Every structure is written in structure tokens, then in C-alpha cells.
Amino acid sequence: MRIAMVGAGYVGLVSGACFAEFGVDVSVIDSDATKIEALRAGRIPIYEPGLDSLVAENSRDGRLHFTTDLATAVQAADAVFLAVGTPSRRGDGHADLSFVFAAAEQVARAARGPLVLVTKSTVPVGTGRQVQEIVRRVRPDLAIEVASNPEFLREGSAIGDFMRPDRVVIGTQDGPDGERALAVLKRLYRPLNLIEVPILATRIETAELIKYAANAFLATKITFINEIADLCERVGADVHDVARGMGLDGRIGRKFLHAGPGYGGSCFPKDTLALARTAQDAGAPMRLVETTIAVNEARKAQMADRVIAACGGSLTGRTVAVLGLAFKPETDDMRDAASLAVIPRLIEAGAAIRAFDPAAMDHARALLPEGVHYATGALDAAAGADALVLLTEWNEFRALAPQRLRQAMRGDILLDLRNVWDPAVMREAGFRYHSIGRL
Ligand code: NAD
């Protein structure tokens, strides 16, 4: 089988390379010529563990191609996936569907025969229907069948998530055309039958909503434990143990119960907002999701206040080391990262910032205020700092020797906003140690 993947971002690149690994012939298309040139030259424009070798092997074996020429790739394909961005629309929080609609129209214009057009981007319920209207209007002569196949991979473990997903969701229209589209998608995912991955076949609207419901639920779970953490601090309880005690209940589960600085990233913030807007428009407002959004936003601002308070109420003349800039470990993605909310507020309050991230510094430079000093490593960031703030829980930070960290610093204030270190060990090393919701 041959497919075309429109969009060579985190999702398109990983999905394209993984489908190639499944034995499919894949053309990954991007309108960004520099990205495509880099990929052709064997350079991966994003940081994602394992992606470089997967791309290299499948390119070498002739199953994975990169191009800016959408028309040629589409004409050869049995199915075309849309993996373009769906950011928040400025002003109202709705998903901006302009990339999806533009790409759908380009695909329809280029098509020469019947094909399945699959939306992999996260799109609000009802988008599949709108995409179907676009392709019918542009190409009334062709059988282009629209389907939905939302993606659940996580940056940092994207390849494993795609190759061994918890489930695959496929939304198609009712009737024989929809069944044909379902059959094409099931064929593409056939290697997953060997490991008994559940394939959930639904209507398009249901598939679209599953993705938003899952993300909003996870965002709510994080926000819930963050509020429990705040309560723990007031009443002398330990959020780590509370989360463990809750999570051992099989109905709750242990994942996504880690208190921290509030969720960020390329998905949760925009997807919760878009779901809230969709629900309002549909006359079924989701107050729980709306509250989650508001609580999470406020939390990011509070994190900077915590740092200021830990430093005695003023940062004037103080140097603050920040470890971790990406929104989570094992990625260079800075979209809605806590660092973007915290660092500018620390600078406004008078601090000099020494920052380090193992993968995201190039992206961070373009997004953070000028004047941030980018260090060469964690200990270099800590050098001469009055306070150190851990914002992203990269493994290499967990492994730092507390004594060496302490010796590198001028001051002794440590804010572990991801609860990665043992409070007793850090206090023994001479830190005034603050974490989230722990004793
Ligand atoms: P991204 O911004 O990293 O990549 C999108 C790419 O599409 C860009 O390279 C852009 O140049 C390209 N593009 C846009 N319009 C195009 C066109 N008409 N023709 C060719 N290329 C075009 O985005 P992403 O993070 O990969 O996310 C893509 C979608 O997947 C979003 O809807 C997102 O919500 C969803 N998603 C993302 C993740 C994640 O972890 N990043 C996980 C699951 C789902």
C-alpha cells in the first residue's frame, strides 16, 4: 500500500516513519522546504528518541520519502493522512482549522482517482463532515472518502506509542463507502493485530470526540492532583503518598497523578480550550473542563510567586538557575511550557536567569526574553545562583549529585517543581528545599 502524510511535524513524521516500518510505502509532505531538505539530508528537525534511526533505515530501504510536491505524492496514494497543526485560534480558543481545510482542498485538487482522506490531526467534532463537504465541492467527480484516525502518541515516547498503542480509533461514515475506508485503515494497521491492539471503529463524530475527551480527562486528572497538593501543603499531608494511595485503586490508576507546575505542551492547553468552546457552541457546556483550564492557567503564574516567596519576597539582584525548559522531558517542544510562564515573571521581578535544557534551548532562545543566559549543563546553570528551580524532570537532573549542585551555587534555595528529589536528602545536602505538596 502507498500513503501520503501531509505535515512533517511531531505527528506526521513519527506516524509516517512508523507506517513505513510496518511495510507501507510512505511519502511525507511538508510545505516547509527547509524541513524537507533537512529530512532528505538525513537530519531530523525535531528531538524525538529513536526517530533518527527509524527514518534513516526506512529511507534507506526505499519505503519512506520526503517531498514538498503534494500533488505527485497524493496521486500515487491509496490513503492520504492530514497531520497538520490545529493550534488555538487567537481570541476565542476555538481550534484553528485553516491548515486542515487548506490541506484537504490541496489533496482534493491533486487527486486523480478514488482515495481515503484521513484526518490524523486533532480536530473538533464536526470537522470530518466539513472536510467531506470541501472535497465534494472541489471534486464532485471523484470518490474521496473522509475518515478520522486521531493520534494518541506522546512526545518523548512517540515511536513506542505508535507501534504499541493502547488502542487505534477509526471513525468512518455510515454506508458502503465508509466500510471501504475502514477496510483500508484496518489494512494499514494490520501489524498491530499481532500484539492484539484493540481497534475501535466508530462514526467520525465519535472518533473526533474520543480524542478531546481523553485529553480533557487527563488534563483534569493532573489539575485535580495539583489542587490536592496545595491542600496537602496546608494540612501537613504528603501528595506523593496521597497519589499512591489513590492510584493503587484500579478504578483510578497511578498515571497522571504527579503534582507539578500545571500542564502544558502542544496538546492539553489547546485541546481543553477547543473542547470547552465546542461544548458551549453545542449548548452542553462543560464546566469541569472550563474550571480545569482556569485553575491550570492560574497555577503557572503561582509558580513564579512561589519562587519569589522562597527567595524572601524579592528577586532584585538575585540569580535564579532554571533546569528544564521543554514542556516535558525527552522532547524539544516548548509549546505552552511552564518555563514560558515562569521565566518572564522572574525576570520582571528582577532576577538574572541561568537556564539549561538538554534538548530545547534552540527553540527556547526564540521564545524567552532576551538576557536569559543559556548554560552548557546543569552544574553550569547552577554556578553562582542564589536559587535553583527545576521545571522539567529530565532524567539527567534526577541523577545530579546534591552536594555538587549545592557547592556550585552561591545560595541554598531549591524549588523542585516536579518532586523528583528526596526532600530529606536535599535538606541534608544543605538546601532550603521546597517541593509541591510534600513534607
Ligand atoms: P506540527 O506543528 O509539529 O507540524 C505540522 C506540520 O504541518 C508543519 O511542519 C507544517 O509546516 C505542516 N503543514 C501545515 N500545512 C501544510 C500543508 N498544507 N501542506 C504540507 N504541510 C503542511 O504539529 P504536530 O505537533 O505534529 O501536530 C499535528 C496535529 O496532531 C495537531 O492537530 C495536534 O493536535 C495533533 N497531535 C499532536 C500530538 C503531539 O504530541 N504533538 C499528539 C497527538 C495529536
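As the structure lists them, so they are numbered: ligands from 1, and atoms in each ligand from 1. Predicted, not measured: the structure shown is a model, and the values here were computed from it.
Aromatic ring centroids of F19 and Y189 lie under 6.0 Å apart.
The atoms of ligand 1 that sit less than 4.0 Å from any heavy atom of G85 are 5 (C). Shown in contact with S266 at under 4.0 Å from a heavy atom are these atoms of ligand 1, numbered in order with element: 39 (C), 40 (O), 41 (N). Interface of K270 with ligand 1, defined as ligand atoms under 4.0 Å from a residue heavy atom, comprises 33 (C), 34 (O). Under a 4.0 Å criterion applied to the non-hydrogen atoms of G9, ligand 1 contributes the atoms 1 (P), 3 (O), 4 (O), 6 (C), 26 (O). Of all the atoms in ligand 1, the ones that sit under 4.0 Å from a non-hydrogen atom of A83 are 5 (C), 28 (C). Atoms of ligand 1 lying under 4.0 Å from at least one heavy atom of E155, given by number and element, are 39 (C), 40 (O), 41 (N).
If you check each of V107, T122, L13 against atom 44 (C) of ligand 1, the one with the closest non-hydrogen atom is T122. Among E151, M5, K120, the residue whose heavy atom lies closest to atom 43 (C) of ligand 1 is E151. Proximity annotation for atom 14 (C) of ligand 1: of V6, V84, I29, V84 comes nearest, heavy atoms only.
If you check the side chains of T127 and E208, you find no donor sitting under 3.5 Å from an acceptor.
Protein heavy atom at the shortest distance from atom 23 (O) of ligand 1 is R335 NH1, 3.9 Å.
Neither the backbone nor the side chain of R154 has any atom closer than 4.0 Å to an atom of ligand 1 (non-hydrogen atoms only). With a 4.0 Å heavy-atom cut-off, ligand 1 is reached by no atom of E105.
Between Y263 and F268, the two ring planes are perpendicular [angle over 60°; tilted spans 30° to 60°].
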